[in-house]
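Note that these values count all heavy atoms, side chains included, but never hydrogens, waters or copies made by symmetry. Start at 1 and go down the list; that is how both ligands and their atoms are numbered.
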Amino acid sequence: MKLIYDYTFEDLSNYFASQNEQAYRATQLFEWLYKKQITSFFEINNIKKNLLEQINNDFFLTRLEIVSKQQSSDGTVKFLFKLSDGALIESVLMRQSYGNSVCVTTQVGCNMGCAFCASGLTKKVRNLSCGEIVLQVLEVSRHLQERNERLSHIVVMGIGEPFDNYDNLIKFLKIVNHPKGLDIGARHITVSTCGIVSKIIEFSDFPLQVNLAISLHFPNDDLRSKYMKINRAYPLASVIDAVKYYVSKTNRKVTFEYIMLKDVNDQLEHADELAKLVKGINSVINLIPYNETGLGLYRSNEEQVKKFYDRLKKHHLNVTIRKELGHDIDAACGQLRIKRMKECR
Ligand code: SAH
């Protein structure tokens, strides 16, 4: 039996065609799954009984088990979920000025091994299936619906490297964007990568207008290779070339993420190097306060962040400083899962 949330609208249209059923069945099913968010196929009242039985034989529906839900005073909610094989993953609901956004996980653990990130400490156990990523969004969407609110944005910035789980990511994006389903606008979805160049190039041809964020973090190869293993395979020049290609193909603005690490990458000469690197690229640099995770790295103080910001501005770049959310509830990426895994040991 197959998890229904692994199937795109196209896949379900093909399924119904193979059953000699009309194409509009896929529309009906998608609406029940994603707009009404049913938990049993037998809640569907506009598809005939024998077809429902067929669907029920071929597919299954499930929900994610919620291990814990932590609510921050600013409205951020961290969900810790248990998957069918016992693996723990987390998703975060964030209240932004522009709407409600969920941050989803794409892998159990991560193999990218960035020295500043808690997620990499546990290594990749497996990829999440498309359905397991979709289910995170559905659970958070239900949480909001119960409060008469609506999910409007998705960021693929949780644990894992989305471009290391590319095919499932693409199916996920198609499903959550589909107008008959959750209908989250492509421009309201952001995918973040540490810089897998081959996939940035492939993603340039993806037809949906999804936003791309690059975890740049360091302005030269020496520093970047020291803290991000991926840079040894794909050095900065190749990342920048791939980003330029992406911008030329899609005409979209790219976000460069830059975590501010005290005395590591936060000096004014780093800002100058960064400015040189991204000059001429349609982009915004997002300066991110570092969440300290006991890895021997520390956040830059606010004054230094402001100086860095001003220096980039002097170079006429678009720069923002990320607002921190959920600081009172295990804020950093992967912290909740790691804490719980320790407790379970
Ligand atoms: N693998 C993808 C997406 C997941 S990480 C990527 O690298 O982009 C999401 C973002 O959080 C990345 O920019 C990552 O570098 C950053 N990050 C990781 N640990 C962090 C920490 N402790 N504090 C702040 N940002 C962190």
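- Aromatic pair Phe59/Phe41: centroids not less than 6.0 angstrom apart.
- A parallel orientation is assigned to the rings of His178 and Phe9, their planes being inclined by less than 30° (bins at 30° and 60°).
- Scanning Thr255, Ile259, Asp164, Val155 for the heavy atom closest to atom 25 (N) of ligand 1 points to Ile259.
- Atoms of ligand 1 found under 4.0 Å from any heavy atom of Cys194 (numbered from 1 in listed order, with element): 6 (C), 7 (O), 8 (O).
- The side-chain heavy atoms of Ser84 and Thr62, taken from C-beta on, include no pair separated by under 4.5 Å.
- Here is the list of ligand 1 atoms found below 4.0 Å of a heavy atom in Thr193: 6 (C), 7 (O), 8 (O).
- Heavy-atom contacts of Ser215 reach the following atoms of ligand 1: 6 (C), 7 (O), 8 (O), 12 (C), 13 (O), 15 (O) (cutoff under 4.0 Å).
- Shown in contact with Cys117 at under 4.0 Å from a heavy atom are these atoms of ligand 1, numbered in order with element: 18 (C), 19 (N).
- In this structure, His153 and Tyr98 have tilted ring planes: the angle between them lies in the 30° to 60° band.
- Ligand 1 has Gly158 within reach: a non-hydrogen atom of the residue lies less than 4.0 Å from it.
- Near Gly160, with a cut-off below 4.0 Å to any heavy atom, the atoms of ligand 1 are 1 (N), 2 (C), 3 (C), 4 (C).
- The option from Glu257, His217, Met260 that lies nearest to atom 16 (C) of ligand 1, judged by heavy atoms, is His217.
- Each of Gln267, Met260, Lys306, Lys307 was evaluated against Ser300; a single residue qualifies, Met260, per the side-chain contact (heavy atoms from CB on, under 4.5 Å) test.
- Taking the side chain to side chain donor-acceptor pair (under 3.5 Å) definition, one finds that Asp6 meets it with nothing, sequence neighbours left out.
- The shortest N/O to N/O separation between Thr293 and ligand 1 does not fall below 3.5 Å.
- Listed by chain and number, the residues in a salt bridge (charged side-chain N to carboxylate O under 4.0 Å, His left out) with Arg142 are Glu139 (sequence neighbours excluded).
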